[in-house]
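Below you'll find the structure, written out as structure tokens, and then a few comments.
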Amino acid sequence: LRVYSVLFVLFLMFMSFLDLFVAREMDSNQKYYWLAIVNIAIIYTITRFVHDDDHHKVDFLSYIFLINLYGMGLMIMCAHLEYPTVVLMALLVVLPLLFVMMPYKIMIMTLVVGTLCMISACVFEKGSVMKIDIYYTICFTMISLIEDYISNVMRMHSLMAHYEVKYLSERDLLTKLYNRNKYEEVRDTFPSLAKERVTLVYGDANGLHEINNTQGHGAGDEMLKGV
């Protein structure tokens, strides 16, 4: 979120600079760009005091970040009723790709923004501009919904694969107990967790070799599981 905040501040400052050259052709968007920049700066400042592992607060700030940019797009749309909206359509396509969220949440947000855009076009715009914006809104909202679902599902699968690899790397496949890799990972934390002393217990399964030789390795595996 911090990285995206910096990138979007730079991007909006660049857009503000470009806006100086088109201000003669159409009304300026400076105030909308700078309002979004200030809001993003506030979000960035708050993230400096939020730990990365605090997922609830990070998700909340991510939604505020998205709402801020979508709001900027809607305000620019309403400020230029004589022109088809472009900024909001671009945001509908780009923003859902930035964050790993539950698909239904980001899809609901996309539907809400698309609905607001449709209402604004029907209420405030007229003629060909209204028809173009309604057409674009339907098309880009559908594209965004498909994009939301596919990208988030792919990211969720990637996260699941990561946790599966981590699970396999620190567990014994037969007994499902932690293996030596896990022990060496957490070994140095034991003294800080103990109130008085640290006790290490060693265990050994007698007769495993004989069971493997006489009854087979399957029986030996069952014996280990039982132990």
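Numbering of residues begins at 1 and proceeds along the displayed sequence.
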For [X], what residues pass the side-chain contact (heavy atoms from CB on, under 4.5 Å) criterion, not counting sequence neighbours?
X	result
Ile146	Ile150
Phe14	Leu18
Leu12	Tyr33, Ala36, Ile37, Ile40, Leu69, Met72

If hydrophobic clusters are built from ILVMFWY residues whose side chains come within less than 4.5 Å, do [X] and [Y] share one?
X	Y	answer
Ile76	Val94	no
Leu91	Tyr4	yes
Ile42	Val50	yes
Tyr178	Leu168	no
Leu145	Ile143	no

Residues two or more places apart in sequence or in another chain: which of them pass side-chain hydrogen bond (donor to acceptor under 3.5 Å, both in side chains) with [X]?
X	answer
Asp172	Thr175
Ser144	none
Asn213	His209

[X] versus [Y], closest heavy-atom pair with distance:
X	Y	answer
Tyr70	Leu88	O-CD1, 3.9 Å
Phe65	Phe8	CZ-CD1, 3.7 Å
Met77	Cys117	CE-O, 3.3 Å

Using links of under 4.5 Å between side-chain heavy atoms of ILVMFWY residues, direct or through other members, which residues join Leu10 in one cluster?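 Val6, Tyr44, which link up through side-chain heavy atoms under 4.5 Å apart, make up the rest of the cluster.
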
Atom pair OG/CZ of Ser5 and Arg48 - distance to nearest 0.5 Å: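 Answer rounded to 0.5 Å: 11.0 Å.
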
Going from CG on Leu61 to CG on Asn68, what distance comes out if it is rounded to the nearest 0.5 angstrom?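 It is 12.0 Å, given to the nearest 0.5 Å.
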
Can you list the residues that meet the salt bridge (Lys or Arg N to Asp or Glu O under 4.0 Å) rule with [X], with sequence neighbours excluded?
X	answer
Lys166	Glu170
Arg171	none
Lys57	Asp54
Arg180	Glu184

Backbone N/O of Leu35 and side chain of Asn39: donor-acceptor pair under 3.5 Å: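 Looks like yes, one N/O pair under 3.5 Å.
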
Does the Asn179 side chain pair with the main chain of Lys182, one donor and one acceptor, at a distance under 3.5 Å?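 Here the side-chain-to-backbone pair exists.
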
Working for side-chain contact (heavy atoms from CB on, under 4.5 Å), residues Met75 and Lys31: CA-CA 10 Å; Met75 286 189 292; Lys31 58 184 177 182; over 6 Å; no

Could you please spell out the steps behind the side-chain contact (heavy atoms from CB on, under 4.5 Å) verdict for Ile67 and Met109? CA-CA 9 Å; Ile67 290 171; Met109 181 173 288; 4.1 Å; yes

N/O donor-acceptor pairs under 3.5 Å from side chains in residues 132-141, not counting sequence neighbours:
from: Asp133; atom 1: OD1; to: Thr85; atom 2: N; distance (Å): 2.8
from: Thr137; atom 1: OG1; to: Asp133; atom 2: O; distance (Å): 2.6
from: Thr141; atom 1: OG1; to: Thr137; atom 2: O; distance (Å): 2.6

Crowding at CZ, Phe49 (>12 non-hydrogen neighbours, <6.0 Å):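 No, not enclosed.
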
Check: Trp34 and Met13 side chains under 4.5 Å, non-hydrogen atoms: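 They are in contact (side-chain heavy atoms under 4.5 Å apart), so the answer is yes.
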
